[in-house]
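Taking it in order: structure first as structure tokens, then the write-up.
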2 protein chains.
Amino acid sequence: MPPIREMLADAGITEQQWRVLRVLAEYGPQSSSTLASRASLLFPSLTRIAQTMQNKGLITLSRDADDRRRQMICITSSGQKIIDDKANQALEIVADVKHRLGKDNYEALLDILALLDPDNPEGN
Amino acid sequence: MPPIREMLADAGITEQQWRVLRVLAEYGPQSSSTLASRASLLFPSLTRIAQTMQNKGLITLSRDADDRRRQMICITSSGQKIIDDKANQALEIVADVKHRLGKDNYEALLDILALLDPDNPEGN
DNA sequence: CAATATTATTTAACATGTGAATTAAATATT
DNA sequence: AATATTTAATTCACATGTTAAATAATATTG
């Protein structure tokens, strides 16, 4: 999404990093695997992205006390600030797309894409 | 497309390389920029992909005599063989997707996606 | 409890995406 | 014709996609 990338460029993050922040803001601290799935990222990609984002101070990483294999990930206030600063612009961009397509087309698109989703229980 | 990648894996090529071969087979020899556009690849990506494919013997590269800036690209018989060997399987995979969605959904999807295409003259 | 199997994550290697800077050849200007 | 401009490709640097192999911690078995 060019307009999304453009919006995020001055925050210095990518679309994928934006999705990670959004998921963390919505669901709170969570394990790498959960986060990867929710942000539609492959596990190895998330590993690298998380390290990058930790270096940028956008998230913190820690091991789960009960299961030290589990990497727990948490958003920082600096990461949350990006969400707070950009959330409205992101909503506007989505609204624009919706408007360009028209409501009916937009909803039809979401329905059809859901049919193609491999995680969907439609027996694909 | 996991099923497409799986099909191409034993031919030793990627989805992008497959698209390059398909475009060359359909339109014949052409310049890098034309090929990139038709194969939905960014120019810098095509540059690298073309070098890889030349090393594999799937395509040949040469300079246009009239304009030596222009990189002309041509499929080899070895490249054409991959097309010949896999074209039917590829059609089956597409037919499967079409069948999973149903004809109406499939056509609706193509129409809606065309609306989102930045190259489309719909005044987006 | 020791050996084995499973699970969560990481690392590696290669390919592509992306935007900016660079090069080289052709075209336009003066 | 010499300089400036434009155009076609390439190169760079960094980020992610993708698959397979490797680690490390936990759970399971004998």
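Note: hydrogens, waters and symmetry copies are ignored here, and every other heavy atom, side chains too, is used. Please read all numbers here as calculations on a predicted model, not as lab measurements.
Side-chain atoms of B/R48 and base atoms of C/dG17 include a donor and an acceptor less than 3.5 Å apart. In this model, no side-chain donor or acceptor of A/R69 finds a partner on the base of C/dT9 within 3.5 Å.
An OP1 or OP2 oxygen of C/dG17 is reached within less than 4.0 angstrom by no side-chain nitrogen or oxygen of A/Q16.
Looking at A/E92 and A/N88, their side chains never bring a donor and an acceptor atom within 3.5 Å of each other. No side-chain donor from either of B/S37 and B/T34 sits under 3.5 Å from a side-chain acceptor of the other.
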Quiz item: Are B/R38 and B/R19 close enough, and set up right, to give a side-chain contact (heavy atoms from CB on, under 4.5 Å), and what steps lead you there?
Solution: CA-CA 9 Å; B/R38 286 174 171 155; B/R19 288 209 300 277; over 6 Å; no
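Along DNA chain D, the stretch of nucleotides lying under 4.0 Å from any heavy atom of chain B spans, 5' to 3', D/dT7 to D/dT19.
Whole-Å rounding puts the A/L46 CG to C/dT11 P distance at 13 Å. The distance from atom CD1 of A/I73 to atom C1' of C/dA8 is 12 Å, rounded to the nearest whole Å. One atom, CD of B/E15, and another, C1' of C/dT16, lie 11 Å apart when rounded to the nearest Å. In this structure, A/M72 atom CE and C/dA8 atom P are separated by 13 Å, rounded to whole Å. Rounded to an integer number of Å, the gap from CZ of B/F43 to P of C/dA21 is 19 Å.
A donor-acceptor pair under 3.5 Å is absent between the side-chain atoms of B/R68 and the main chain of B/R63, judged by distance alone. Judged by distance alone, with hydrogens and angles left aside, the side-chain atoms of A/E107 form no donor-acceptor pair with the main-chain N or O of A/N105 at under 3.5 Å.
Here A/E15 pairs with A/R5 under the salt bridge (charged side-chain N to carboxylate O under 4.0 Å, His left out) rule; sequence neighbours left out.
When each of B/P44 and B/K56 is assigned the nucleotide of DNA chain C with its nearest heavy atom, B/K56 is the one assigned upstream, toward the 5' end. Both A/L42 and A/D64 lie near DNA chain D, and the one whose nearest nucleotide falls closer to the 5' end is A/L42. Mapping A/T52 and A/D66 onto DNA chain D via the closest heavy atom, the residue that lands nearer the 5' end is A/T52. Both A/M1 and A/D67 lie close to DNA chain C; mapped to their nearest nucleotides by heavy-atom distance, the more 5′-ward contact belongs to A/D67.
Using a 4.0 Å heavy-atom criterion, one finds that B/E6 contacts no nucleic acid atom at all. Note on B/S45: a base of the nucleic acid sits closer than 4.0 angstrom, heavy atoms only.
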Using residues 45-55 of chain B as the side-chain source, report each donor-acceptor pair under 3.5 Å to any protein atom, sequence neighbours left out, with the distance given to one decimal.
{"unit_1": "B/T47", "atom_1": "OG1", "unit_2": "B/F43", "atom_2": "O", "d": "3.2"}
{"unit_1": "B/T52", "atom_1": "OG1", "unit_2": "B/R48", "atom_2": "O", "d": "3.1"}
{"unit_1": "B/N55", "atom_1": "ND2", "unit_2": "B/Q51", "atom_2": "O", "d": "3.3"}

